[in-house]
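Written out below as structure tokens is the structure these notes cover.
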Amino acid sequence: MSIDFESLKDKAVVAAQTGVIRVKEITETGIAKAKELADTGATKAKELTEIGKLKVNNSAEQEAIRKAYSELGKLYYAERGSAPEAAYADACQRITDAMARISYNNERIADIKAAGQITDEEIEAVEVEEASEETESCCCGCGEPAAEETPAEETPVEDKTED
């Protein structure tokens, strides 16, 4: 049995050339896919950035609307609060009642300060001290630092008005 080395050599050269061509094709396909993915990723990033900017702009516009509504309500209350139209009577009454309670509370504060000869500086010192104690120590008084609490999920408060 004789082996034709020339034929084997030719077959090996053809196989190597075919392999090289196939590797080049795969590499070119891979590079094209990588470029396509990079372009798609860049496009997505730009779109996501634009969406983020638009959402920030929407938040700013919503804040402007909230301020305008507040200003509108203040103007209406100032002009018509004492004799509001029927649709606004309940809201105006709640504002009037809240203002009365604030006025009463301020009178009580003034009375307590006058009776106890308490100054605003003393009140502020106590408020600052209480605020720092709340953040520095545990609620049980053990002296350990307070554990960070996860805020409870906010639940809407029902509007309770007197009938």
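Residue numbers count from 1 along this sequence.
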key: Spacing of Thr96 atom OG1 and Arg101 atom CZ [to the nearest 0.5 Å]   = 10.5 Å

Short side-chain to backbone donor-acceptor contact, Thr43 and Asp39, under 3.5 Å = yes

ask   = To the nearest 0.5 Å, what is the distance between NZ (Lys44) and CD1 (Ile51)?
value = 8.5 Å

remark   = What one should report as the nearest heavy-atom pair of Pro84 and Ala89 is CG-CA, 3.7 Å

task = Assess whether atom OH of Tyr88 is packed by more than 12 heavy atoms of other residues, nucleotides or ligands within 6.0 Å.
result = no

remark   = Smallest heavy-atom separation, Asp4 atom then Ser7 atom, equals OD2-CB, 3.1 Å

key: Backbone N/O of Arg66 and side chain of Ser70: donor-acceptor pair under 3.5 Å   = no

note = One should read off an interatomic distance between Ile95 CD1 and Asp90 CG, to the nearest 0.5 angstrom, of 10.0 Å

note = Rounded to the nearest 0.5 Å, the NZ atom of Lys24 sits from the OG1 atom of Thr29 at a distance of 13.5 Å

key: side-chain hydrogen bond (donor to acceptor under 3.5 Å, both in side chains) involving Asp120 - partner list, sequence neighbours excluded   = Lys113

key: Residues that Asp111 engages under side-chain contact (heavy atoms from CB on, under 4.5 Å), provided they are two or more places apart   = none

inquiry  = Please give me the minimum heavy-atom distance between Ile112 and Ile118, naming the atom from each residue.
reply    = O-CD1, 4.3 Å

ask   = Do the side-chain N and O atoms of Gln93 and Asp97 include a donor-acceptor pair separated by under 3.5 angstrom?
value = yes

key: Least distance between heavy atoms, Glu85 atom then Tyr76 atom   = N-OH, 3.0 Å

request  = Taking the side chain as every heavy atom from C-beta outward, state whether Glu71 and Lys74 have any pair of such atoms under 4.5 Å apart.
outcome  = no

ask   = Atom CD1 in Ile31, atom NZ in Lys33: separation rounded to 0.5 Å?
value = 14.0 Å

task = Taking the side chain as every heavy atom from C-beta outward, state whether Lys53 and Glu50 have any atom pair closer than 4.5 Å.
result = no

inquiry  = I'd like to know whether CD of Gln117 has more than 12 heavy-atom contacts from other residues, nucleotides or ligands below 6.0 angstrom.
reply    = no

